[in-house]
Amino acid sequence: MIREATVHDVPEIRALIRELAAYEKAAGQARATEEQLRAALFGEHPAASVLIAEDDDTGGVAGFALWFPRFSTWTGTRGMHLEDLYVRPHTRGAGHGKALLAALASICRENGFERFEWVVLDWNETAIAFYESLGAELLEEWTVCRLTGGPLEELAARAVPPVGKGPVREQRSMRGPGAAGGRGPVRRCR
């Protein structure tokens, strides 16, 4: 069964994120606290949404998908960015991953989102084959770019403040997670 997460799921969501980070050989990078997740997912201005996959036989949490809206200047429409998709190893093969992706595709259709995009580590051949079997296009010509820490601070220090109080200023405290989590080379999928 696929359902929307509730605030009561935050401890389980955090556990799933840490399991995913360990699988992606980046356990030390998964620093989000329950408090941060609670605010980001269920606060006044949610940065992202989460779907939970539950095992039909046991009722236990099998996996999750964390996503947020994005915008395409090319199509002039909103789309969806899937930040994390994870199914616990002992529940794989039961269709939870496909069910999560189908539910997300349904959200895209219901909301008029023309693009559904995510990144996948280039060494995760099982996931790549799975995504391709669903019709996902691997965008080999794109590379994910990221600024963090010192380089981000240095570039920000060069900024000239924009004029006015537009949505950029208002959204500074509502920013969602980045496109990839520092887990090595990735491929962008659409």
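Since the model is a prediction, treat every value here as computed from it, not as a measurement.
- A 4.5 Å side-chain heavy-atom check between Thr77 and Phe113 finds every atom pair outside the cut-off.
- For the atom pair CG of Leu101 and NZ of Lys98, the computed distance is 9.5 Å after rounding to the nearest 0.5 Å.
- The two residues Gln36 and Thr33 make their nearest non-hydrogen contact at OE1-N, 2.8 Å.
- Of the possible donor and acceptor atoms, one in the side chain of Arg14 sits under 3.5 Å from a partner among the backbone N and O of Ala32.
- Follow the hydrophobic side-chain contacts under 4.5 Å out from Val7 and you reach Val50 in the same cluster.
- Contact check for Leu41 versus Leu66: side-chain heavy atoms found under the 4.5 Å cut-off.
- Residues Val10 and Leu37 share a closest heavy-atom pair of CG1-CB, 4.1 Å.
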Between Glu154 and Leu152, is the side-chain contact (heavy atoms from CB on, under 4.5 Å) condition met? List the steps.
CA-CA 5 Å; Glu154 290 170 23; Leu152 176 61; over 6 Å; no
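- Stacking of Arg92 on the aromatic ring of Tyr23 is recorded, both the 6.0 Å distance cut-off and the 45° axial limit being met.
- In Glu34, the CD atom is crowded: over 12 heavy atoms of neighbouring residues, nucleotides or ligands sit closer than 6.0 Å.
- Atom CE of Met80 sits about 11.5 Å away from atom CZ of Arg70, to the nearest 0.5 Å.
- In the hydrophobic clustering of this structure, Phe71 does not group with Phe68; members are Ile, Leu, Val, Met, Phe, Trp, Tyr whose side-chain heavy atoms approach within less than 4.5 Å, directly or through other members.
- Using a cutoff of 4.0 Å between basic side-chain nitrogens and carboxylate oxygens, Glu110 and Arg78 are not scored as salt-bridged.
- Taking CZ of Arg115 as the reference point, atom OG1 of Thr75 lies at 5.5 Å (rounded to 0.5 Å).
- Distance check, rounded to the nearest 0.5 Å: CD1 of Ile2 to CG of Leu51 gives 7.0 Å.
- Counting heavy atoms from C-beta on, the side chains of Glu132 and Leu138 come closer than 4.5 Å.
- Applying the 6.0 Å contact sphere to CZ of Arg18 captures no more than 12 heavy atoms from other residues, nucleotides or ligands.
- The heavy-atom pair separating Ile128 from Leu121 by the smallest distance is CD1-O, 3.8 Å.
- When hydrophobic side chains of Ile, Leu, Val, Met, Phe, Trp and Tyr are connected at separations under 4.5 Å, Met1 ends up as a singleton with no cluster partners.
- For the residue pair Ile52 and Ala5, the shortest heavy atom distance occurs at CG1-CB, 3.8 Å.
- Between Leu100 and Gly63, the shortest heavy-atom contact is CD1-C, 4.2 Å.
- Here the closest non-hydrogen pair linking Ala30 and Ala21 is CB-CB, 3.6 Å.
- The distance between the ring centers of Phe116 and Trp67 does not fall below 6.0 angstrom.
- For the atom pair CG (Asn124) and OH (Tyr131), the distance works out to 7.0 Å, reported to the nearest 0.5 Å.
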When you look at Arg88 and Glu12, which way does the salt bridge (charged side-chain N to carboxylate O under 4.0 Å, His left out) test go after all the steps?
CA-CA 12 Å; Arg88 287 182 160 143; Glu12 195 73 34; 2.7 Å; yes
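- Judged by distance alone, the side chain of Asp55 and the main-chain N or O of Asp57 form a donor-acceptor pair under 3.5 Å.
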Before giving the answer on side-chain contact (heavy atoms from CB on, under 4.5 Å), spell out for Leu85 and Trp118 the whole-Å C-alpha distance, their side-chain angles and the decisive distance to 0.1 Å.
CA-CA 9 Å; Leu85 174 70; Trp118 61 95; over 6 Å; no
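- Separating the OG1 atom in Thr148 from the CD atom in Gln29 is a distance of 9.0 Å, to the nearest 0.5 Å.
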Test Asp9 against Arg38 for salt bridge (charged side-chain N to carboxylate O under 4.0 Å, His left out), laying out the working first.
CA-CA 9 Å; Asp9 292 309; Arg38 195 171 292 106; over 6 Å; no
